Amino acid sequence: MSKVFAKALSPALREIRVLCCQTNSASAGTRQFLLSNYPVIKQHNPDLPVMIREASNTPARAFARFEHGVEKKVELDNLSSADVESKILQLLA
């Protein structure tokens, strides 16, 4: 678990959306990241919407929406949990 997520995220961040497949091995790192970090993220950011969308054969990716409608996206397919964490941190920067 990352210590980075054990604090409040930027107030400019309005929403995090994570899409992945429930069974596809390409989404395994994303699923593991969510299992490890979702509780901590929500504990320190209780009002931040963190939406997890699972659908068959959906490529793993994450979106962050910031104030003024600015949205960023990262691709997470075939990454380890640690690599997913790194990509999410880049997304939120």
Side-chain angles (χ1 to χ4, degrees):
M1 175 190 62
S2 171
K3 291 182 181 180
V4 175
F5 294 114
K7 63 177 183 170
L9 297 171
S10 168
L13 181 62
R14 299 290 190 239
E15 169 187 282
I16 299 172
R17 279 188 326 275
V18 180
L19 287 72
C20 63
C21 177
Q22 308 96 308
T23 56
N24 192 332
S25 62
S27 291
T30 302
R31 291 191 305 271
Q32 185 57 48
F33 168 81
L34 291 169
L35 286 170
S36 301
N37 292 287
Y38 178 83
V40 175
I41 293 170
K42 285 307 287 181
Q43 177 184 358
H44 294 280
N45 302 276
D47 297 326
L48 177 67
V50 179
M51 293 177 270
I52 301 165
R53 302 288 184 248
E54 295 180 316
S56 232
N57 298 318
T58 296
R61 53 192 189 266
F63 298 84
R65 188 171 52 84
F66 297 89
E67 58 190 4
H68 307 296
V70 174
E71 192 164 288
K72 294 186 198 176
K73 169 185 148 183
V74 290
E75 298 292 332
L76 305 173
D77 252 3
N78 296 308
L79 297 179
S80 69
S81 181
D83 292 338
V84 169
E85 180 176 324
S86 176
K87 286 281 198 175
I88 297 281
L89 290 173
Q90 289 173 16
L91 179 69
L92 301 179

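On a predicted model such as this, the values are computed, not experimentally measured, just so you know. Positions are given from 1 along the sequence.
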Ring pair (Phe, Tyr, Trp, His ring centres under 6.0 Å) pairs, two or more places apart, involving residues 58-85: none

Can you list every side chain to side chain donor-acceptor pair (under 3.5 Å) pair that touches residues 45-63, not counting sequence neighbours? none

When rounded to the nearest 0.5 angstrom, what distance separates CG in Asn78 from OG in Ser25? 6.5 Å

Could you go through residues 11-19 and list every donor-acceptor pair under 3.5 Å that involves a side-chain atom there, pairing it with any protein atom two or more places apart or in another chain?
| residue | atom | partner | partner atom | Å |
| --- | --- | --- | --- | --- |
| Arg14 | NH1 | Pro11 | O | 2.7 |
| Arg14 | NH2 | Glu67 | OE1 | 3.3 |
| Glu15 | OE2 | Arg17 | NH1 | 2.5 |
| Arg17 | NH2 | Glu71 | OE2 | 3.1 |

Hydrophobic cluster of Leu35, others only, ordered by chain and residue number, side-chain cut-off 4.5 Å: none

side-chain hydrogen bond (donor to acceptor under 3.5 Å, both in side chains) partners of Asp83, counting only residues at least two apart: Ser80

Minimal non-hydrogen separation, Leu34 against Pro39, with atom names: O-CD, 4.0 Å

Tell me which donor-acceptor pairs under 3.5 Å the side chains of residues 86-93 have, and how far apart each pair is, sequence neighbours excluded?
none

Could you list who else is in Met51's hydrophobic cluster, with ILVMFWY side chains joined at under 4.5 Å, directly or through other members? none

Pairs satisfying ring pair (Phe, Tyr, Trp, His ring centres under 6.0 Å), at least one member in residues 11-49, at least two apart: Phe5-Phe33

At their closest point, which heavy atom of Arg31 faces which heavy atom of Cys20, and how far apart are they? CG-SG, 4.2 Å

Listed by chain and number, what are the side-chain hydrogen bond (donor to acceptor under 3.5 Å, both in side chains) partners of Glu75, not counting sequence neighbours? Lys73

